[in-house]
Amino acid sequence: MLKEIPKAYEPHKAEEVWYQRWVESGMFHGSVDSEKRPYTIVIPPPNVTDVLHLGHALNNTLQDILIRWRRSMNYEAEWMPGVDHAGIATQVVVEKNLIKEGKTRQQLGRDKFLKKVWAWKEDKFERIINQLRRMGCSCDWERTRFTMDDGLSKAVLEVFIHLYEKDLIYRGNRLVNWCPRCLTSLSDDELEREDIDSHLWYIKYKLKGSDEYLTVATTRPETMLGDTAIAVNPKDKRFKKLVGKSAILPILDRELPIIADDYVDMEFGTGAVKITPAHDVNDFEIGDRHGLEKLNILNNDGTLNDNAGKFAGMDRYDARRSLVEELKQRGCLDKVEDYKLSVSTCYRCNTVVEPYLSVQWFVRMEPLAEPAIEAIKSGELKFHPDHWSKTYLYWLENIRDWCISRQLWWGHRIPVYHCKDCAEIMVAREIPKSCSKCGSSKIEQDPDVLDTWFSSWLWPFSTFGWPEKTPELNKFFPTKSLFTASEIIYLWVARMVMASSEFTGKIPFSHVYIHGTVRDANGEKMSKSKGNGIDPIEIIDKYGADAMRISLVLATPEGQDPYISEKSFEQGRNFANKIWNASRLVISNFDGFEPKYELDPELSDLDLPDIWILSRLAKTIGQVNNYLSGFRFNTAAKVAYDFIWKDFCDWYLEMIKTRLGKDASEEVKNQARAVSGFVLIEIMRLLHPFMPFVTEEIYHLFPKVKESDFLNDLGWPEPKIKFINDKLEKDFELVQNIISAIRTIRSEMDVPPGKKADVLIKTSDKKAAEILKELEIQIVNLGRVKELTIGEDLKKPPLSASGVVAIGEIYIPLEGLIDLENERIRLEKELAKKKSFLKRVKKKLANKDFLERAPEDVIEAEKEKYDQAENSITKLNKNLEMLSGW
RNA sequence: GGGCAGUUGGCUCAGCUUGGUUAGAGCAUCUGCCUUACACGCAGAGGGUCGCUGGUUCGAAUCCAGCACUGCCCACCA
């Protein structure tokens, strides 16, 4: 019988077969007509920049666990999958690919380039979907979405118009973060920060009509070409007399007014600051306050423009070098100091960004932020772990306007139209036939696209058909939980809450679960460029999808970053194999018997181990429920893992082996079959969300289970309170301890594992003796006992090893086997342990304050500990004495 | 500069909310076993006094304060 089931679990076939059947059955599809309560998750759409990595594997495993759990609890589960066009990110990777072929996007032109990007998207899209399927993700593939789908694009358009009409979108000529490589603006949130070793250059500006100099310090000397003033602090006595006068900009010989502004820090540098309104955010504001000219010296690609005089055409850093050189030659460079500087870089290509003056579109964020703040304060929205709500709130409470226009090609075209005749700007759903101002028909659409987050912030509702009032929207929105990493709390999570409140009047999800970032064994973030990334498919091929899933969950502590190496997946593979083999044992013993999936027998008919495992099972199910409800995946998995491996396999299955043996009656066998079969099926139900494939495969090894039957249809197991039996669990602990003690003595005395030994248990505890007698057969089998004697007045046989346990003593006669020295060492070690323990308890009990102030029961407990320890010591001493008598 | 998180055996973590069992687990290590489900296994063992300092308390890994270190996030000081 056993031969029919392979000795080791073979994941690949099971994965292929079951995934296909699940999809065909339609169980992943959420029905809008269903009477069942909805439970919705929308996937954080992966970027089409690349295929998925282990971080995604973790993210999607967690979502799948939750959605499968809810589905089996008879919710109308909907997991909406999809991918994100990821504007700048995708454009950058495709461009980099082009460069390898020696081409630029400008050479190709917009249309041809976009075709390339679409082809890229199709390829990655397909591979991403395939990866999700291989992981076992139970997504509703019929509803797969892409951020540039027609429907979603329509939502983007409506949102732009809506905000524009509400005066929440405006156009402004401001300093934005400019990436000279990507040739686009970036929002504040799209920057990375990097600390670099740089210098502070002290430059001497000649005072007009004098031979004296005013020295200023700067980290970006080339920007002096755009200086339009020098500022000092109005309180600064050193410079008071200079305010209102002028200085001469070296090289370009431009006259700069010396102005006073509170912004200037008297302590820093020389106390005088060069002001470059077009290239520094602070200087921009000072420029506004003092009516200074904003002189732009840069082209959009980071080279200097004609305003830079002889430096025009040079790259910004080349210009810096030659400018500094010239300053030196002219004697205008006072000194150069080392200086640690923090620079902002483009989050997609790492180029240092420049503050750059340009006309862009912005969203006024403050009015949108309020409901998002309120959602947390009212408890309508919760973060797990909770402390992330602080991060979320901080950003919302200090929110700044959002620059949404991008000078890219890949993305949603901005619905802005220009009249070529009168330069009138129009915002419209489609291209206007004529200019609203001059009537001209020469109208063209603005070449800019929208920030990629301008479509993703609509994801939870645009994917269900908004702005149409669809049945999907009605049934599945708002969603229940969102799973993501902390990096995008600002970029995405907060903005989704804002958008949902504004456009649907609802908070898009009730729970946000923030999981850690997957790191390698050295704690390094996994990334392609570092070469430490692991491809989920590789892991699935090698260890199986279930192994990958459960390993990731077991390795991810709540709220912290998991450290993952390939070795981490062995734990999951081993576990899958353990379950497989436990099932092999149980199922192969059915031998024609058909276990029921609902067990509700008279508990008194059962054997004690049966009652015990049912109690442990009920408790475990209850715990898993609690932990999953609280988004504590790691603990939920651990509780199930321990129950299965330790309670079920190590203890229960070992205990029922005799009842399944050839000497047992059919009646006894059937009882063991019924309970082990029932517990096994409950375990499969419990584990199914975590490890869907192996559990489904095992379920189908059960008699009479049809191909079209699914574990999910059995539903989520109920924690049956009537099974819980705390007293029996306590009794079992006692028996387990006795068995362990016997095993320890045997092992330490080098009793060969195959050899059975007589065991005597001496105890004056009548209740304990009763329990031991009731479970005698288990002690005999698991302790490999030849003859077990339990009694009050037992004498220690000569030449026996002994052990002291809470309820008494254990003797194992070892005639001819006992090594006296070995036994002495063992006993003395034990004695030392007890003595040091006794000392501690004694000290406590000698403390008057303790006796006076500690609660009664604590004192009682200590006294009992004391008596027990003292008792043990007496016994150990006696045993040692006997030893020396030999 | 501000905020958040963390600091427990060789490694990764649990315990800390509600202070009181001889501080747990997995991996790794050591010993012995192919015991008729599983060597991707079984049994046993060794190993930590809980970052530091001080306080509260009869009693602190657990509460409070300060400090140190690590990581992350935010921030316009040239």
Side-chain angles (χ1 to χ4, degrees), chain A residues 2 5 7-9 193 200 216-220 223 231 263-265 267-276 280-285 339 341-342 355 385 387-388 390-391 394-395 398 486-487 489-490 517 519 521 523 543 547 554-564 567-568 570-589 634-635 638 641-642 649-650 653-654 657 661-662 739-740 743-748 750-754 781-782 784 833-834 836-838 840-841 844 847-855 857-859 861-862 865 869:
Chain A
L2 247 174
I5 306 173
K7 195 171 165 179
Y9 171 57
R193 222 155 250 113
L200 202 50
V216 301
T218 179
T219 54
R220 293 187 298 156
T223 62
Y263 161 76
V264 180
D265 179 354
E267 309 294 317
F268 191 88
T270 62
V273 192
K274 57 189 274 315
I275 301 299
T276 323
D280 182 277
V281 179
N282 294 306
D283 293 7
F284 183 88
E285 286 170 11
Y339 191 70
L341 184 65
S342 123
H387 67 257
W388 290 108
K390 287 184 199 164
T391 306
Y394 180 84
W395 185 75
N398 297 279
S486 61
E487 294 103 87
I489 290 177
Y490 305 146
T517 307
R519 294 169 184 280
Y543 298 91
L554 286 169
T556 304
E558 275 114 17
Q560 281 173 77
D561 292 346
Y563 287 41
I564 305 284
K567 213 174 162 8
S568 315
E570 286 177 15
Q571 192 183 10
R573 180 201 55 191
N574 295 355
F575 185 47
N577 195 242
K578 185 75 183 175
I579 304 162
W580 181 257
N581 277 291
S583 309
R584 222 155 61 92
L585 175 68
V586 171
I587 292 167
S588 63
N589 271 296
N634 175 262
T635 313
K638 190 71 172 45
Y641 180 93
D642 282 345
C649 294
D650 289 349
L653 290 183
E654 291 304 326
K657 274 180 180 171
K662 34 183 193 306
I739 292 169
S740 287
R743 284 168 170 172
T744 302
I745 297 169
R746 290 177 55 113
S747 168
E748 289 187 343
D750 294 328
V751 178
N781 287 335
L782 302 189
R784 306 203 144 255
K833 250 194 224 168
K834 290 283 178 203
S836 89
F837 177 60
L838 185 77
R840 254 177 296 167
V841 182
K844 220 179 211 180
N847 187 342
K848 260 186 251 150
D849 292 329
F850 174 71
L851 295 174
E852 274 168 28
R853 306 196 191 187
D857 55 324
V858 173
I859 296 173
E862 286 303 311
K865 275 190 228 165

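Between A:Lys274 and A:Asp283 there is no side-chain heavy-atom pair separated by less than 4.5 Å. A:Glu654 is not listed as a side-chain neighbour of A:Asn781, based on a closest heavy-atom distance of 4.5 Å or more.
Separation of the C1' atoms belonging to B:C11 and B:G54 is 32 Å when rounded to the nearest angstrom. Distance check on atom P: B:G9 versus B:C52 gives 10 Å, rounded to whole Å. B:U35 sits 14 Å from B:A43 when the P atoms are compared, rounded to a whole Å. B:A68 and B:C77 are spaced 23 Å apart, taking the P atom of each and rounding to whole Å. Comparing the same atom, P, in B:C74 and in B:U12 gives a spacing of 26 Å after rounding to whole Å. The P atoms of B:G44 and B:U22 are separated by 22 Å, rounded to the nearest whole Å. Taking the C1' atom of each, B:C50 and B:A23 are spaced 8 Å apart, rounded to whole Å. Comparing B:A61 with B:G51, their C1' atoms sit 12 Å apart, to the nearest whole Å.
Using a 4.0 Å heavy-atom cutoff across all strands shown, A:Gln571 reaches sugar-phosphate atoms only and no base atom. Among the atoms of the strands shown, only primed sugar atoms or phosphate atoms (P, OP1, OP2) are found under 4.0 Å from some heavy atom of A:Asn847. Within 4.0 Å (heavy atoms only), A:Val858 reaches at least one base atom of the nucleic acid. Using a 4.0 Å heavy-atom distance criterion, A:Gly271 is classed as a base contact.
For B:U22, the OP1/OP2 oxygens have a side-chain nitrogen or oxygen of A:Lys865 closer than 4.0 Å. The side chain of A:Tyr339 contributes an N or O atom lying less than 4.0 Å from OP1 or OP2 of B:A78. Checking the phosphate oxygens (OP1, OP2) of B:A28, a side-chain nitrogen or oxygen of A:Lys567 falls inside 4.0 Å. Side-chain nitrogen and oxygen atoms of A:Arg784 include none within less than 4.0 Å of the OP1 or OP2 phosphate oxygen of B:U35.
A donor-acceptor contact shorter than 3.5 Å is absent between the side chain of A:Glu862 and the backbone of A:Val841.
Minimum heavy-atom separation, A:Leu653 to A:Cys649: CB-O, 3.7 Å.
Remark: A:Lys834 engages no residue in a salt bridge (charged side-chain N to carboxylate O under 4.0 Å, His left out) (not counting sequence neighbours). Scanning for ring pair (Phe, Tyr, Trp, His ring centres under 6.0 Å) contacts around A:Trp388 gives an empty result, with sequence neighbours left out. Contacts of A:Lys7 classified as side chain to side chain donor-acceptor pair (under 3.5 Å), with partners at least two apart in sequence or in another chain: none.
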Could you spell out the base pairing of RNA chain B in dot-bracket, with Watson-Crick or G-U pairs whose two distances are under 3.5 Å, [ ] crossing and | to another strand? (((((((..((((......[...)))).(((((.......))))).....(((((..]....))))))))))))....
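You'll find that the side chain of A:Arg519 is closest to B:C72, out of B:A78, B:C4, B:C72. With distances taken from any side-chain atom of A:Val273 to the nucleotides B:C76, B:A78, B:C27, the minimum falls on B:A78. Here B:A78 is the nucleotide among B:C4, B:G20, B:A78 with the atom lying nearest to any side-chain atom of A:Phe268. In the set B:C27, B:C74, B:A5, the nucleotide with an atom closest to the side chain of A:Tyr394 is B:C74. With B:G20, B:C27, B:A37 as the choices, the nucleotide that has an atom nearest any side-chain atom of A:Asn581 turns out to be B:A37.
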Scoring nucleotides 39-50 of chain B by protein non-hydrogen atoms under 4.0 Å (B base, S sugar-phosphate only, - none) yields SBSSSSS-----
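The aromatic rings of A:Tyr641 and A:Phe575 sit tilted relative to each other, their planes meeting at an angle between 30° and 60°.
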Dump every N/O contact between nucleotides 10-17 of chain B and the protein below 3.5 Å, one line per pair.
unit_1: B:A14; atom_1: OP1; unit_2: A:Gln560; atom_2: NE2; d: 3.3

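Atom-to-atom distance recorded for A:Asn581:CG and A:Asn577:CG is 5.0 Å, nearest 0.5 angstrom.
Applying the 3.5 Å distance criterion, the base of B:U22 shares a donor-acceptor pair with the side chain of A:Lys834.
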